[in-house]
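Input: a single structure, listed below in structure tokens.
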Amino acid sequence: MAPGIVEPAVSVASTRSLISVTDAYDDTLRFYLNGTKVTLDSADPEVTLLEYLRGIGLTGTKLGCAEGGCGACTVVVSQYNPTTKQIYHASVNACLAPLVSVDGKHVITVEGIGNVKQPHAAQERIAKSNGSQCGFCTPGIVMSLYALLRNDPSPTEHEVEEAFDGNLCRCTGYRPILDAAQSFSAERTCGKAAANGGGGCCMEKNGNGGGCCKSGVDDDQQPIKRFTPPGFIEYKPDTELIFPPTLRKHDFKPLAFGNKRKKWFRPVTLQQLLEIKSAYPSAKIIGGSTETQIEIKFKAMQYTASVFVGDIPELRQYSFEDDYLEIGGNVVLTDLEKIAKEAVKHYGEARGQPFAAILKAIRYFAGRQIRNVGTPAGNLATASPISDLNPVFVASNATLIAKSLDKTTEIPMSEFFKGYRVTALPPDAVIAGLRIPTAKEKGEYMRAYKQAKRKDDDIAIVNAALRVKLNDAYVVESVSLVYGGMAPITIAAKKAGEFLDGKKWTDPATLEGVMGALEEDFDLRFGVPGGMATYRKSLALGFFYKFYNEVLAELKAEEAIVDAEAIGEIERIISHGSKDHASAKAYEQKILGSERPHVAAMKQCTGEAQYTDDIPVQKNELYGCLVLSTKAHAKLISVDPSAALDLPGVADYVDHHDLPNPQANWWGAPVCDETFFAVDEVFTAGQPIGIILAASAKQAEAGARAVKVEYEDLQAIFTIEEAIEKESYFEHFRYIIKGDTEKAFAEADHVFTGIARMGGQEHFYLETQAVVCVPKLEDGEMDVFSSTQNPTETQAYVAQVTGVDANKIVSRVKRMGGGFGGKETRSVQLAGICAVAAKKTGRPVRCMLNRDEDIMTSGQRHPFLGRWKVAVNNDGKIQALDADVINNGGWSQDLSAAVVDRALSHVDGVYMIPNIHVRGRIAKTNTVSNTAFRGFGGPQGMFIAESYMSEVADHLNIPVEKFREINMYKPGEETHFNQELKDFYVPLMYQQVQDESNYAQRRQAIEEFNATHKWNKRGLAIIPTKFGISFTALFLNQAGALVHIYHDGSILLAHGGTEMGQGLHTKMTMIAAEALQVPQSSVFISETATNTVANTSSTAASASSDLNGYAIWNACEQLNERLAPYREKLGPDATMKQLAHAAYFDRVNLSANGFYKTPDIGYVWGPNTGQMFFYFTQGVAAAEVEIDTLTGDWTCLRADIKMDVGRSINPAIDYGQIEGAFVQGQGLFTTEEMLWHRGSGQIFTRGPGAYKIPGFRDVPQEMNVSLLKDVQWENLRTIQRSRGVGEPPLFMGSAVFFAIRDALKAARKQFGEEEVLSLVSPATVERIRVSCADPIIQRARVEPREGEKSFFIAI
């Protein structure tokens, strides 16, 4: 890490004058927290609101990313708003908010609104609706919903849908959260609504019902009763925490507090601010801190004097003047949104166009939490080249009002941006306001455009504000074409503007001339910083094309030829979905088979659920911060921690010298080829070199940055293609051969070849890797609290690095905030390093990785390359497949071998191919070591399969749906690894999904749509899947359980599986309760630990319910046998308390140890013998999308998913897994693109700012999920005849990818491109756009010059 960058030193004189200016300022913070008054005389100036809350024990608020991008830290800050003159309940990111910003306000956290015994209605509905799985994001989501309800107890459906744009969830797929939240919407709480048993809501009657229910009265002036869904507590807005009356009278005094390192100033008048700025021009002005806190956290910027300006009422006013709107520089964006709406009404639609443009820019601007604190002045001062608002300000010819102590300067916005993040603002001035002129009543047109990787809460790739003024003859009088994302600053297209001046808008030559001029204005080179040269150029042209036609359409001129298809953008409806809740009725028992919420859901919704970093701080505890390599491949010349050890609070530095022996440094499974600490060489950026220990996390971070590392660069390999070229592989090589492929290729009617390529995927569990190691005084014992899927491997390696036997180490995990495979092996690295540190110092050591550190060190899903060759006959039957399958393993092998093996076993998809020869290799590169991720090679293998199916079908000109049907396995047939397909229902579900989703009719409708729409195209795809369930390593298919029955009839259950949100503990308590004939509430699981159940397998491979469930059943059978005489004696109505009591006094053992191992399996590679999987989980999904080919923007209109999960243990949990996996799969194949920065060799996509998992508004607009029913599972010998469900649905998210491909085929055909499309995954907006073939993309294409390379690398 780079040493901290400190601002320029300040003269002693100016420091003195600053002291004289602020001498009389108060130094005490006063605010309310959950209804209680808090007074802080000695607040730490460097802590954020989140650090303060967690520091005082309010750990419900979570740290997810530290950049305001995930919403896990959301709290509500209630305050008097000087702009609107009302109380506003603002959802804010506590990870960004400085403590000074809450003075005079009421902070409400998730703990403050309810608890498990008395939850708030928002908490209860999310919990009971299965809206919380791992639960780490849940408190933030609850607080976003709470803020919405506090500001409007009856929000509209649209407001509910938009309320979560600043929150992310990785588990649920969002559908259940949205359904829970919509139960509060005005439309659904209306007692009159037909859906709620009424005669029809006024909204349903199109306004003919005499008034709106939102006004609270009907015709008879009687309040309308709010409808509460059955089973939920009623929401009563009048029982909420009040805004403390003393805060209404709060005297906002100017504040000054801090220490030697940092001072905060909080002026409350503009005069005070200008005095500070005059005395100390380099003081950092802070509005929302949304940019500054990120600079402090990730760039180590240090601002010795910061001035918070959020509480200066003068800077938060606005006024409507005759021909302009004036806004204060510090109006928050949420208020600017309201002001812009008001302005459009005030000035009318024509004159209000600049404000409509502002409104559009704000709509997709970050999330609500950022908009609640961010300001126009902050946007302008940071001068980001991709700011969404700045182009609007420039294009509308706004004037910036800068004030300093002695003068006011007016700066035209067109002259404000001078260079990359450099502006014309005088050093002693502040941005006091903006004057935004109205448009002319006639002849002036203005629009704003933006394209990002993801629709909501995302920074722009390119944005634009385009304005033109025409005279009555349609001749251009003035024009502003202002773009962001095309240069280091917000920039006007000069040549295009000059060309347009005086041209007639309706003349077709005008359009052509502007396009040519734009090409000159934005002549990006291939290796341009930020990459995406072709795409960015095409957006600049595409936006103007849209604008040109929108203006033409408004002119209604006879001579104008309008391309009406180019107008507008894709809009979403209110998303909705359905589930078949009757699917398990046929086999539902007393407990098993019933829909029940996650056992910890309510605790998670109230912030009471404890995660690793929530464990209270131990006495003498130290915080660790890793010292990571900054080079992709280099020799370590020297590592010098001396500067770090001199820093305050730093206790020690630990590296490989502190291990008991050199062998102890090596780890990895199954091949031990990775070191905990680098020794003489680093093989990837992000490889741990050492760890700094300090008294606080902040001090540890400062220490880690101060460690001086000298490198000597070595050549690095990044991509699979480079590895193939340099023959850089790991030793592992596997193959499967069936039949005679050579003969089949020689005899077939057709042979086609192709390449399937897909990128990796970051796990993005909301809780990063975290561990607390607590050494004990005796025998080298240690407790290791780790967020891990693999307690046993953690135990084994901690024992190794501390030099003791495994029996001295207890590895414990209560729950994880998500895992997805990323904590199966990679969690061991951090646990091992912290254990060495704890052993060396004899003190507890805690470390929770920052999001960027986690992404740099913990690996991701393997990128894959598949070279395939397929033989097929004229009848559409595939005769042979030959494929080389290579994954990018990264710098160490980790689980890459098992991942490529699973890809080989799934490369057949669901298709009968008589002759197969597939080979698998692992590319060795200098990237992060890739690892397990939900699906574990299965999705990559099946992606290769569906790629060759799609491309071969196109070559043969057969509809791909038909081609799949022709080649689909039939029940009883054998796979290429000679396993018979028993209980095989894919063909049945393939038909059912088509029937239930009206697939054929929709296919016809899409063809009609595509024939009549030039730029928007729709696509449809149906994807089947079969996923083998079992660990491919035979020995891992075993599990143990321990069941204790206590005197009072309560039952304590321990098993080898870990809870990461997938509902495993819920299913296990249900199995035990059913087996022992007790209520589920009588069974409790405390944690997973190596001292209760030994030698566990990792919780992975979707096999944990099967394995641990049977082990529990086995233990319960033993107990039932021992209790049988007492059941007979005491009768069938005897309670467990009575039975246990009687048995105990007869000295009967009430503890049982259960065990299970999967029978029948044991595949042998090479000879191709033995059974590989115990069974296959199957499913089919259909998806429909619409794409805008001018921008690459897209939406999923509908998804229909059907899974065969056998007899479900708990359908609610299974539906949660299916929806969550589908959306995660959709992300894998569309928005989630991992990129490396070529110049530094470091990963670029290391947080939510650059890496885009799907958000609330990315889910299918209609999502229907069902479970297969009315069939028999004759051969399924699992617990309850259920099937594993965690991983199998993920691949079905590719239905969205293949639907996009289908739409692209139509788009390409429109412009005469008939060549078969080979689409690389993920299908990002960029890939969608550049795969088109229209004239605009063709003229925008940027080719590399000789030797020129791209800015980013996709590995």
Practice task
Could you name each residue pair satisfying salt bridge (charged side-chain N to carboxylate O under 4.0 Å, His left out) that touches residues 759-773, not counting sequence neighbours?
Solution key: E767-K823

Exercise for the section: Could you name each residue pair satisfying side chain to side chain donor-acceptor pair (under 3.5 Å) that touches residues 1247-1260, not counting sequence neighbours? Expected result: E161-R1257, E162-R1257, D458-K1252, E1232-Y1251

Exercise for the section: Can you measure from CZ (R1283) to CZ (F1176) and round to the nearest 0.5 angstrom? Expected result: 10.0 Å

Handout entry: S132: side chain to side chain donor-acceptor pair (under 3.5 Å) partners, not counting sequence neighbours
Key = T138, Q604

Practice task
With sequence neighbours left out, write down each residue that passes ring-ring contact (aromatic ring centres under 6.0 Å, His included) with F864, or none if nothing qualifies.
Solution key: none

Practice task
Apply ring-ring contact (aromatic ring centres under 6.0 Å, His included) to F936 and list each qualifying residue two or more places apart in sequence or on a separate chain.
Solution key: none

Practice task
Measure from NZ or CZ of R815 to the centre of the six-membered ring of Y611 and say whether it is under 6.0 Å with the direction within 45° of the ring axis.
Solution key: yes

Practice task
Determine which pairs satisfy side chain to side chain donor-acceptor pair (under 3.5 Å) with at least one residue from residues 1286-1298, sequence neighbours left out, and list them in order.
Solution key: S1102-E1287

Handout entry: Side-chain donor/acceptor of S787 to backbone N/O of A770, under 3.5 Å
Key = no

Exercise for the section: Sequence neighbours left out, what passes ring-ring contact (aromatic ring centres under 6.0 Å, His included) with F676? Give chain and number order. Expected result: W667

Practice task
Measure the spacing between CD of E824 and CZ of R826 and express it to the nearest 0.5 Å.
Solution key: 11.5 Å

Which atom pairs, donor and acceptor, lie under 3.5 Å between side-chain atoms of residues 1209-1222 and protein residues at least two apart or in another chain?
from  : atom 1 : to    : atom 2 : distance (Å)
N1210 : OD1    : R596  : N      : 3.2
N1210 : OD1    : A1212 : N      : 3.0
N1210 : OD1    : I1213 : N      : 3.3
N1210 : ND2    : R596  : O      : 3.0
D1214 : OD1    : K1067 : NZ     : 2.7
D1214 : OD2    : S1208 : OG     : 2.6
Y1215 : OH     : D580  : N      : 3.3
Y1215 : OH     : D580  : O      : 2.5
Q1217 : OE1    : R934  : NH2    : 3.4
Q1217 : NE2    : Q133  : OE1    : 3.2
E1219 : OE2    : K579  : NZ     : 3.2

Practice task
Only counting residues at least two apart or in another chain, list the ones meeting side chain to side chain contact (heavy atoms under 4.5 Å, CB included) with N930.
Solution key: Q860, H862, P863, N888, T927, V928, I1355

Practice task
Answer with yes or no after comparing the ring centroid distance for H732 and F730 against a 6.0 Å cut-off, counting only values under it.
Solution key: no

Practice task
State which residues pass ring-ring contact (aromatic ring centres under 6.0 Å, His included) with F1244; sequence neighbours excluded, sorted by chain then number.
Solution key: F1352

Exercise for the section: Under the side chain to side chain contact (heavy atoms under 4.5 Å, CB included) rule, collect the residues that match up with T825, sequence neighbours excluded. Expected result: E793, D894, L895, T931

Fill in the blank from the handout: For residues 1023-1041, the side chain to side chain donor-acceptor pair (under 3.5 Å) pairs (sequence neighbours left out) are D908-K1026

